[in-house]
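To keep things clear, I will list the structure first and then write my remarks on it.
What you see is a predicted model; the values in this text were computed from it and never measured. First listed ligand is number 1; within each ligand, the first listed atom is number 1.
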Amino acid sequence: MRKTITLLNGPNLNLLGLRQPEIYGHETLDDVVTACTERAAELDLDLIAHQSNHEGTLVDLIQDARNGSDGIIINPGAYSHTSVAILDALNAYDGPVIEVHISNIHQRESFRHHSYVSARAEGVIAGCGTQGYLFAVDRLHRLFSTT
Ligand code: DHK
């Protein structure tokens with residue numbers, strides 16, 4: 001059966017392309033979602049994308065993914081570094097999780113070096129720009145094919 005990926009983006013990622021382009025690049029979130037949807041389709045996968053600036057909404061979206069989504073790609077934005085609630089929601093999700101950071105968080109301020117989500121993620125991609133999202137689609141496809 002055709003599998004479905006949920007792509008989640010956290011706070012301020014709606015401003016992609018406008019916000020600190022020297023760090024986050026010039027592509028918009030729409031560009032990213034379009035590229036991921038096309039890549040997923042090439043791999044015979046469906047992709048559903050959401051963005052929220054609100055922690056509780058992201059928790060709700062992760063809980064929703066328990067019904068009918070086979071894997072999650074998440075860029076939790078700043079909540080990576082603060083949110084036990086998002087970690088708990090992901091721990092209640094059975095499928096593979098790939099965490100994406102557009103920037104290399106390890107080259108930046110020390111408060112960005114730790115991510116709660118990494119404790120749960122099957123894979124973490126950082127510093128590859130928006131291409132990291134496409135790597136995440138490819139990685140989920142590989143995980144789906146081998147499990
Ligand atoms: C995005 C954010 O919004 C920051 O708060 C994170 C992450 C890094 C990124 O690189 O995509 O610290």
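Heavy atoms from other residues, nucleotides or ligands lying under 6.0 Å from CZ of R120 number more than 12.
When each of I125, V137, N9 is tested with I73 by the rule side-chain contact (heavy atoms from CB on, under 4.5 Å), just one qualifies, namely V137.
With a 4.5 Å cut-off between side-chain heavy atoms of Ile, Leu, Val, Met, Phe, Trp and Tyr, the cluster of L90 takes in L8, L58, V59, L61, I62, I72, I74, Y79, I86, Y93, V97, V117.
Applying the salt bridge (charged side-chain N to carboxylate O under 4.0 Å, His left out) test to residues at least two apart or on different chains, none of the pairs has a partner in residues 47-69.
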I'd like the atom pairs linking ligand 1 to the protein - N or O on both sides, separation under 3.5 Å - with distances to 0.1 Å.
| residue | atom | partner | partner atom | Å |
| --- | --- | --- | --- | --- |
| ligand 1 | 3 (O) | R19 | NH1 | 3.1 |
| ligand 1 | 3 (O) | R19 | NH2 | 2.9 |
| ligand 1 | 5 (O) | A78 | N | 3.1 |
| ligand 1 | 5 (O) | R112 | NH1 | 3.2 |
| ligand 1 | 10 (O) | I102 | N | 3.1 |
| ligand 1 | 10 (O) | S103 | N | 2.8 |
| ligand 1 | 10 (O) | S103 | OG | 2.6 |
| ligand 1 | 11 (O) | N75 | ND2 | 2.9 |
| ligand 1 | 11 (O) | I102 | N | 2.8 |
| ligand 1 | 12 (O) | H81 | NE2 | 2.7 |
| ligand 1 | 12 (O) | R112 | NH1 | 2.8 |

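Listed by chain and residue number, R2 satisfy the salt bridge (charged side-chain N to carboxylate O under 4.0 Å, His left out) test with D44 (two or more places apart in sequence, or in another chain).
Ring planes of H113 and H106: tilted class, angle from 30 to 60°.
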